[in-house]
Structures are given as C-alpha cells and as structure tokens.
Colleague: 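Here's a structure for you.
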There are 2 protein chains.
Amino acid sequence: MFSKTCTYGIKATLFIAQKAQLDERVSLKEIATAIDSPVAFTAKILQVLAKEHIINSIKGPKGGFEIAKAQLPNITIKQVVKAIDGDSLFNGCALGLQECNEKAPCPMHDNFVSIRDQLNETLASSNLLQVAADLNQGRTVLKR
Amino acid sequence: MFSKTCTYGIKATLFIAQKAQLDERVSLKEIATAIDSPVAFTAKILQVLAKEHIINSIKGPKGGFEIAKAQLPNITIKQVVKAIDGDSLFNGCALGLQECNEKAPCPMHDNFVSIRDQLNETLASSNLLQVAADLNQGRTVLKR
DNA sequence: TTAATTTCGGATAAATTTGTCCGAAATAAA
DNA sequence: TTTATTTCGGACAAATTTATCCGAAATTAA
C-alpha cells in the first residue's frame, strides 16, 4: 500500500503532531526513537516533509521539528502520502497502465473506483489534530 | 498498491483467462507480448502462479499455459494478489507495525477498516470469467 | 530414436529502494 | 567570538526488487 519510506514519514509526522499539541518541539533523534526508524534515513524524509511545508524545521541548538498548533486540523494524511509516494495511489492505474481511462479502461478500472473513493475519503478526512489526540490519550501507538 | 511483479501476474492471469474462454492455450511469448512485459521475468511469475494452482503449465511443443474453463468463475483477483504479494495488503498494518490490533492499534487502524473491507470485497468478488468476458468483448484492455 | 519446441530452475546482473557517513551551514548560548 | 548543537545535503553502500541468460527437463511429432 505505502512504501516503507512513506510509513516512516507518516509516523514521524504523527509524532511531531502529537508533541505539537503539547507545544513541544522534537529533535531528529527523538523522532527516530519514538517511531523506531533509522536516524539518518529519517532525516532525509523529514527534509522532504519540510520542503512540502507539512512540518517546520529549525536548525541549531534547541532546534528540531514542529508543526504550528493551529495547522494541525488542516493537515491530512493524504497530504503526507502525496508528498512522499506521489499521487499514483490516488490516481494511477492499479495495473500500471500509462493510459487507463473510461474510454480504454484496464480490466480492474471499474472495480477500483470504490476502493479509490474509500482511500480518498478516508485519508483526506483524517487530520493531524484528531490523530494526535488519540496518541496523547494513549489510545493508539507508533511502534511495536 | 500492488508490486510491479503482481501487476504482471494479474495481467498474465487475465490474458490466459481471456483465451481460456475461447478454449485456447497460450505460450509464454504470447503472454509477454499481450501484456507488454519482460519475457524471462514473466516466466518466473507464471511458475509461481502454476505452483499455486491458479494456472496450468504444459511443457513441450504445443505447450503453454491455460486455465480450465470451468474454473474461471471460481478464481478471484484476490487469490492472484495473495499468491504473489502475500496477504499483507489484506491483513498487515498500514504503517508496518508488527503488532497492531484492537488492543494496541496504530493511529491509522480504525481508518483503514473501511479501506480494507472495500479491498477485500472488491477483489474477492471479481472472478476471472467476468473479467475475461469484458476483455473478449473489447470493453477493456491489458496494455498501453 | 531423433529433433524441435516449450517450460523449469538456478546463477547472475541491473535498477530501485532503503540506509549510512560525514562535512557544511545555521543558530543558540557561553 | 567561540563553542556546542542541530539540521542540510551530497556521496556512498546495502538490501530488495526487477530483469536476463542459459542449460536441463519434458513432451510432441517426424
């Protein structure tokens, strides 16, 4: 479904969101520990997310990563996935055909309409505030 | 969503099904041409499908691959996907957690229930007879 | 029986994804 | 200003996925 890189990216974003709700900024090391990911590789992914303005990065002592608290309800998981894996999951042909549309559909085209709709609806409506709240209440976990 | 290997596997299976409906057996070369895939790599995938009893392979002159016509309605796309990509798409955690369940769910766990249900329902109910018919009627295509 | 055809299966190679290393740049605090 | 800390970014390396090559085995037909 998602690339490994993307799962790291989602988990990192959610951890930053969790701490953002508590007005805390987190470092690369803290993130990698919290989500159980390779440190240097996680740094690369965070750079991408920062460039896409999904998170903010601050250099220097006391630096780290954060998300403006007020932005939490406006950022969706779909945005994170698109930033890392692109939008092929949401728009590409399930069988990888370059040209696949109503006029010349692949054999799975019609079947995938409902799956895609569900994916879009679910990931576009899951915002960081909601998910961060679940994490802070201990209802959900980021590793194991 | 699916690995590239899996898209080849699905397309190959559908092409064999299409010809099975016409009582025709097809060769590796014909399959690779029909679905626009690398010949030798396709051979490997067909071996897997044959071992999983999704298709039959016949060696020697006039040999090739086929599916018993009577089996077409009993084989689903889900079976093909499971044979090649395993069942992580249907059962694994979306964020890759080893342990992710109702007691200790990942932050996406609840959101993914509906997506997973839709995937299961759609892929488990799409059988080869139906899809082969669409192909033979020229309603759908396997390449481009 | 021989020759031709086709899949099987193992070794190997290329491409992509995942992961590491390390110096550079920025910045906070002494 | 200097030092310590933290992210940035480029080069490199390992692991995995995708793809190729080729002889072996099976089978059909001459």
Side-chain angles (χ1 to χ4, degrees), chain A residues 1-13 15-16 19 24-67 81 83-86 88-89 92 95-96, chain B residues 1-13 15-16 19 24-67 81 83-86 88-89 92 95-96:
Chain A
M1 176 80 61
F2 303 134
S3 69
K4 204 168 183 184
T5 303
C6 193
T7 68
Y8 290 150
I10 295 172
K11 287 187 275 192
T13 301
F15 178 66
I16 298 168
K19 296 304 182 180
E24 290 177 23
R25 178 184 294 173
V26 292
S27 73
L28 169 61
K29 285 181 190 173
E30 288 172 315
I31 295 169
T33 299
I35 71 174
D36 197 25
S37 64
V39 178
F41 190 53
T42 303
K44 302 291 192 195
I45 301 167
L46 293 171
Q47 278 181 52
V48 172
L49 294 172
K51 262 179 191 151
E52 298 285 334
H53 304 104
I54 290 171
I55 63 177
N56 297 120
S57 72
I58 301 95
K59 289 184 187 174
K62 304 290 175 183
F65 300 88
E66 63 185 18
I67 299 174
V81 173
I84 298 175
D85 278 352
S88 68
L89 182 64
L95 298 185
Chain B
M1 174 84 58
F2 303 135
S3 69
K4 203 169 184 183
T5 304
C6 193
T7 68
Y8 290 150
I10 294 172
K11 287 186 276 191
T13 302
F15 178 66
I16 298 168
K19 296 304 182 181
E24 290 176 23
R25 177 184 295 173
V26 293
S27 73
L28 169 61
K29 285 180 192 174
E30 289 171 315
I31 295 169
T33 300
I35 71 174
D36 196 25
S37 65
V39 178
F41 190 52
T42 303
K44 301 290 191 195
I45 301 167
L46 292 171
Q47 278 181 52
V48 172
L49 294 172
K51 262 180 192 153
E52 298 285 334
H53 304 104
I54 290 170
I55 63 177
N56 297 120
S57 70
I58 302 96
K59 289 183 187 176
K62 305 288 174 185
F65 301 88
E66 64 185 17
I67 299 173
V81 173
I84 298 174
D85 278 353
S88 68
L89 183 64
L95 297 185

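These figures come from a predicted structure and were not determined experimentally. Chain identifiers are assigned alphabetically (A, B, ...) following the order of the sequence lines, protein sequences preceding nucleic acid strands; residue numbering begins at 1 within each chain.
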Colleague: Which part of the nucleic acid does B/Ala43 contact within heavy-atom distance under 4.0 Å: base, sugar-phosphate only, or nothing?
Modeller: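 Answer is nothing: B/Ala43 stays at 4.0 Å or more from every strand.
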Colleague: By the 4.0 Å heavy-atom rule, please label A/Ile58 as base, sugar-phosphate, or nothing.
Modeller: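 If one applies the 4.0 Å heavy-atom cut-off, A/Ile58 turns out to touch the sugar-phosphate alone, with no base involved.
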Colleague: To the nearest Å, give me how far apart CD1 (A/Ile84) and C1' (C/dT18) are.
Modeller: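 Going from A/Ile84 (CD1) to C/dT18 (C1'), I get 13 Å.
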Colleague: Check whether A/Glu30 reaches the backbone of A/Ser27 with its side chain - one donor and one acceptor, N or O, closer than 3.5 Å.
Modeller: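 Yes.
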Colleague: Does OP1 or OP2 of D/dT18 have a side-chain N or O of B/Tyr8 closer than 4.0 Å?
Modeller: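 So the side chain of B/Tyr8 is outside the cut-off, no N or O lying under 4.0 Å from OP1 or OP2 of D/dT18.
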Colleague: Tell me the interatomic distance from A/Lys59, atom NZ, to C/dA24, atom C1', rounded to whole angstroms.
Modeller: 9 Å
Colleague: In this structure, how many angstroms lie between the C1' atom of D/dA26 and the CG atom of B/Leu28, rounded?
Modeller: 16 Å
Colleague: When you check the phosphate oxygens OP1 and OP2 of D/dT7, does a side-chain N or O of A/Lys51 lie under 4.0 Å from one of them?
Modeller: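 Indeed not, no polar side-chain atom of A/Lys51 lies that close.
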Colleague: Is there side-chain contact between A/Leu89 and B/Met1, with at least one heavy-atom pair below 4.5 Å?
Modeller: yes
Colleague: C/dC8 phosphate, OP1 or OP2: any side-chain N/O from B/Ser57 under 4.0 angstrom?
Modeller: yes
Colleague: Considering only side-chain heavy atoms of B/Ala40, which listed nucleotide, D/dT18, D/dT20, C/dG19, is closest?
Modeller: D/dT20
Colleague: Of A/Pro61 and A/Pro38, whose closest DNA chain C nucleotide lies nearer the 5' terminus?
Modeller: A/Pro38
Colleague: Which is more 5' along DNA chain D, the nucleotide nearest A/Ala50 or the one nearest B/Phe41? Just name the residue.
Modeller: A/Ala50
Colleague: Assuming nearest nucleotide by heavy-atom distance, tell me which of B/Gly60 and A/Thr42 is located more 5' along DNA chain C.
Modeller: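 Closer to the 5' end of DNA chain C: B/Gly60.
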Colleague: What integer distance in Å separates A/Glu66:CD from C/dT27:C1'?
Modeller: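 So the CD-C1' distance, A/Glu66 to C/dT27, works out to 14 Å.
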Colleague: Given atom CG of B/Leu46 and atom P of D/dA19, what is their separation to the nearest angstrom?
Modeller: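 From B/Leu46 CG to D/dA19 P: 14 Å.
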Colleague: Looking at A/Gln47, I'd like to know whether one of its side-chain N or O atoms comes within less than 4.0 Å of OP1 or OP2 on D/dG9.
Modeller: yes
Colleague: Rounded to the nearest angstrom, tell me the gap between atom CG in B/Asn56 and atom P in C/dT7.
Modeller: 13 Å
Colleague: Any idea which of C/dT18, D/dA19, C/dC8 is nearest the A/Ser3 side chain?
Modeller: C/dT18
Colleague: Can you check the B/Asp36 CG to D/dT18 C1' distance for me, whole Å?
Modeller: 15 Å
Colleague: With rounding to the nearest 0.5 Å, note down the distance linking NZ in A/Lys11 to CD1 in A/Ile45.
Modeller: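 With rounding to 0.5 Å, NZ (A/Lys11) is 10.0 Å from CD1 (A/Ile45).
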Colleague: Using whole Å, what does the distance between atom C1' of nucleotide C/dT17 and atom CD1 of A/Ile45 come to?
Modeller: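 The answer, rounded to whole Å, is 11 Å.
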Colleague: Side chain of A/Asn56, backbone of A/Ala50: donor and acceptor closer than 3.5 Å?
Modeller: no
Colleague: Are OP1 or OP2 of C/dG10 and a side-chain N or O of B/Lys44 less than 4.0 angstrom apart?
Modeller: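 Result: no.
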Colleague: With side chains defined as the heavy atoms from C-beta onward, is the minimum distance between B/Ile16 and B/Leu46 less than 4.5 Å?
Modeller: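 Heavy-atom side-chain distance check passes, below 4.5 Å.
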